[in-house]
Amino acid sequence: MSKIMEMEVVCLSTLNECTSLQSLQELKVRFLGKTGELTGLLKSIKDLPPEERPTFGAKVNELRNKLESAFAEKQSQLKEQELQRRLRDEKVDVSLVNMQPWGALHPVTLVEKTISDLLIAMGFEVLAGPEIESDWYNFQALNIPADHPARDMQDTFYITDSILLRTQTSPMQARLMEKKQPPIKMICPGKVFRSDSDASHSPVFHQIEGLVVDENITLCDLKGTLEYLASNLFGPDTQVRFRPSYFPFTEPSVEVDLTCSNCGGKGCSLCKGTGWIEVLGAGMVNPVVLESCGIDSKKYTGYAFGLGVERIAMIKYGIPDIRLFYECDLRFLKQFGK
Ligand code: DAH
């Protein structure tokens with residue numbers, strides 16, 4: 001009996017001093033394990049005189065129950081302590097994340113990507129072309145011969161007499177049609193260059209060219225495509241209006257206006273009171289251009305459009321001066337693309 005009492009004292013006092021789950025487990029094995037000390041006591045019952053066995057057995061079992069619940073209690077205590085320690089030591093200050101300098105897409109990139117993604121979803125493939133271009137592709141292949149007045153519309157940076165910085169993404173129309181027979185459905189986003197600089201003109205800016213050539217393509221296809229673009233960019237109520245215009249590479253040609261996204265068409269300072277904002281040039285591909293690229297203009301028709309990405313971004317975000325895009329002022333740039 002004294003052995004039982006001694007074991008209780010030793011076991012419980014050691015248990016009290018346990019500071020880790022591992023030492024607790026070791027202690028448990030030492031007393032309650034298969035070859036443990038208490039188990040040893042149970043086994044020794046057979047060596048006692050028969051009349052002492054029941055009381056002894058009952059006492060050992062009592063101790064076993066006592067120890068088991070003491071171990072269980074200590075174990076949950078230590079687990080809780082461990083949890084508290086980890087919560088304290090591994091604490092993550094989530095508010096710190098906001099102090100990280102987050103990047104944002106440049107508004108021109110953002111708008112270019114938005115427009116491209118909408119067109120890609122409609123089946124357009126994306127092409128890239130050279131920024132240093134020949135006079136041939138930039139002008140002549142697009143029905144703008146050397147002395148054509150339309151050249152004046154585009155203040156060109158010449159590198160040599162026949163090499164220039166492309167003034168438009170339209171040369172990709174000719175480059176593609178020379179190589180590929182219809183069906184053609186492509187866009188070409190990219191930089192273009194003009195010797196011009198004020199609040200609404202920059203010497204370098206971005207355009208997205210679009211070209212569709214196939215059988216039975218009409219102006220209605222152009223309008224439907226632009227209406228889809230406009231409603232996704234500026235909201236479902238946006239209307240698209242065609243006005244007659246002139247570009248040598250399209251016939252007929254149109255200027256495309258959208259209802260002003262600022263006033264919804266009522267008239268405001270952004271739309272100069274007209275309710276409409278001009279956003280791009282477009283038209284049906286001039287048969288002369290189709291033929292000079294080797295495409296049968298009796299069989300095929302096409303539409304083309306060219307839009308200025310900065311212009312769309314300025315309208316969309318209410319940006320008053322195109323130069324803001326290129327000044328690298330983080331206070332301006334951080335407002336977009338979050
Ligand atoms: N390239 C013209 C410009 O920069 C815009 C344009 C007009 C493109 C009509 C087209 C088009 O594809 O059909 O002013």
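Atoms within a ligand are numbered from 1 in the order they appear, just like the ligands themselves. Reckoned from all heavy atoms, side chains included, excluding hydrogens, waters and symmetry mates.
Ligand 1 has an N or O atom lying under 3.5 Å from an N or O atom of A304, backbone or side chain. Distances between N or O atoms of T167 and those of ligand 1 include no value under 3.5 Å.
Here L233 contributes atom CG and L118 contributes atom CG; the two are 6.0 Å apart, rounded to the nearest 0.5 Å. Distance CG/L142 to OG1/T250: 10.0 Å, rounded to 0.5 Å.
Atom numbering of ligand 1 starts at 1 in the shown order; those under 4.0 Å from a heavy atom of F247 are 7 (C), 9 (C). The Q154 neighbourhood of ligand 1 comprises atoms 3 (C), 4 (O), 14 (O), with distances under 4.0 Å to a heavy atom of that residue. Short contacts between ligand 1 and S170, defined as distances under 4.0 Å to a heavy atom of the residue, involve ligand atoms 1 (N), 8 (C). Residue contact check: T250 has heavy atoms under 4.0 Å from atoms 13 (O) of ligand 1. The ligand atoms of ligand 1 that sit less than 4.0 angstrom from a heavy atom of Q207 are 3 (C), 4 (O).
Counting only heavy atoms of the protein, atom 1 (N) of ligand 1 lies nearest to Q168 OE1, 2.7 Å. With respect to atom 12 (O) of ligand 1, the closest heavy atom belonging to the protein is E209 OE2, 2.6 Å.
L290 pairs with exactly one of T301, I295, D296 by the side chain to side chain contact (heavy atoms under 4.5 Å, CB included) rule, that one being I295.
Q173 and E209 share a donor-acceptor pair across their side chains, judged by distance under 3.5 Å alone. With no hydrogens or angles considered, a side-chain donor-acceptor pair links Q84 and E80 at under 3.5 Å. Between T259 and Q239, the side chains place no donor N or O within less than 3.5 Å of an acceptor N or O (distance only, hydrogens not considered).
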Salt bridge (Lys or Arg N to Asp or Glu O under 4.0 Å) between E68 and R64, worked out:
CA-CA 6 Å; E68 272 173 354; R64 170 202 277 283; 3.5 Å; yes
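In this structure, Y246 and H148 have parallel ring planes: the angle between them is below the 30° cut-off, well short of the 60° mark.
Under 4.0 Å from ligand 1, the heavy atoms of R194 that appear belong solely to its side chain. Contacts with ligand 1 closer than 4.0 Å are made by side-chain heavy atoms of F249 only, the backbone lying farther away.
Closest to atom 7 (C) of ligand 1 by heavy atom, among A150, G281, G283, is G281.
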